[in-house]
Peer 1: 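Quick one: structure below, then a few questions.
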Amino acid sequence: IKLSRFIGPDISSTKIRKRIFHARPVTGLIPESVEKHIYENGFYMPDSIVDMQEKLKAMLKNKRYLHTMGTVRAAAGLAETYGADPEKARLAALLHDSAKMDHDRLLKIAEDAGLAFDRFEAESPGLLHAKVSALIAEREFGIRDAEVLNAIRYHTTGRPGMTLLDKITFLADMIEPTRNFPDARLLRDLAKKNLNEALMVCMEHGIEKIKEKRELLHPMSETALHYLKNEMKKGG
Ligand code: FE
Ligand code: FE
C-alpha cells in the first residue's frame with residue numbers, strides 16, 4: 001500500500017515504518033483501517049515476525065488470527081504507555097493463542113510433551129491452551145525468553161505477582177480492537193489511564209462470566225485477583 005496517501009503532512013511514512021518495525025504503536029498517527037491493514041499483513045515488520053505471522057496464519061482459524069494481530073496492536077500501545085519492552089510485548093501477544101485448537105489435539109500435544117497439567121486444565125480447553133501456547137512458542141517458534149513464555153502461560157488466569165509484561169498481555173487480549181463486548185470502549189479508555197484498575201475490571205468480569213456460564217474456574221484466577229487487589233491497596 002502507499003502509506004504516504006494516508007498520512008498527514010506532519011508525519012513521515014519513514015517514521016511509521018520505523019515504529020512498526022520496532023513494535024511501537026502507530027495508533028492515532030494513521031487511520032485505524034490502515035493500521036489494521038498493516039498489522040494483518042505484516043507490513044514493515046522484521047522478517048522474524050513475518051515468518052511467525054505466516055506460520056500462525058496457517059495454524060489458526062482466520063478469526064483467531066485477526067484477534068491475534070489485534071492483540072499485537074493493543075500490546076504495542078500498552079507497552080509504550082507503561083514502559084514495557086515493546087518487542088517482548090509483541091512476541092507474547094503474537095504467540096499467546098498459538099495453541100487455540102480442539103481439545104483432543106491440545107491434550108495430545110500436552111501429553112506427548114510430558115507437560116504437567118492439573119485437573120482444571122484437563123477438563124477445560126479454555127484453561128489448557130495458555131500453557132500449551134507457551135510450549136508451542138518455545139518448541140515451534142524458538143522463543144527462549146522466560147518473561148515472554150510466562151506472559152503467554154498466564155494470559156488466561158493471571159497469577160499472583162504478575163509482571164508488567166504479564167499484565168499487558170492479559171489486558172491486550174481482552175481489549176484488542178476486534179473485541180466488541182459491552183463496555184469494551186470504556187475498558188480501552190481505562191487501560192490507557194490505569195493498568196491495574198483495568199486489569200482488575202477484566203479479571204472480575206472474566207470470573208463473573210465463567211460463573212454465569214457455569215464453566216470451570218481455575219483457582220489461580222481468584223488468587224491472582226486477590227493478589228492484584230492487595231497490590232493496589234498498597235499503592236501499586
Ligand atoms: Fe487465549
Ligand atoms: Fe486471545
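Atoms within a ligand are numbered from 1 in the order they appear, just like the ligands themselves.
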Peer 1: Check Asp173 and report its N/O/S atom nearest to the Fe ion (ligand 2), by atom name.
Peer 2: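 It is OD1, the N, O or S atom of Asp173 closest to the Fe ion (ligand 2).
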Peer 1: Does the ring center of His96 lie less than 6.0 Å from the ring center of His129?
Peer 2: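 No: the rings miss the under 6.0 Å criterion.
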Peer 1: Work out the angle at the Fe ion (ligand 1) between NE2 of His129 and OD1 of Asp97, rounded to 10°.
Peer 2: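 Rounded to 10°, it measures 90°.
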Peer 1: Out of Glu40, Glu176, Glu35, which one pairs with Arg73 under the salt bridge (Lys or Arg N to Asp or Glu O under 4.0 Å) rule?
Peer 2: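 Testing Arg73 for a salt bridge (Lys or Arg N to Asp or Glu O under 4.0 Å) against Glu40, Glu176, Glu35 leaves exactly one candidate, Glu35.
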Peer 1: For the Fe ion (ligand 2), decide whether His155 has an N, O or S atom at a distance under 2.8 Å.
Peer 2: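 His155 does not place any N, O or S atom closer than 2.8 Å to the Fe ion (ligand 2).
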Peer 1: Answer yes or no: is there a side-chain heavy-atom contact under 4.5 Å between Arg19 and Tyr44?
Peer 2: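 With C-beta onward as the side chain, the pair stays apart.
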Peer 1: Is the distance from the Fe ion (ligand 2) to the nearest N/O/S atom of Glu176 under 2.8 Å?
Peer 2: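 Checking the Fe ion (ligand 2) against Glu176, no N, O or S atom falls under 2.8 Å.
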Peer 1: Do Lys131 and Phe117 form a cation-pi contact, if we require the NZ or CZ to be under 6.0 Å from the six-membered ring centre and within 45 degrees of the ring's axis?
Peer 2: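 Judged by the rule, Lys131 and Phe117 form no cation-pi pair.
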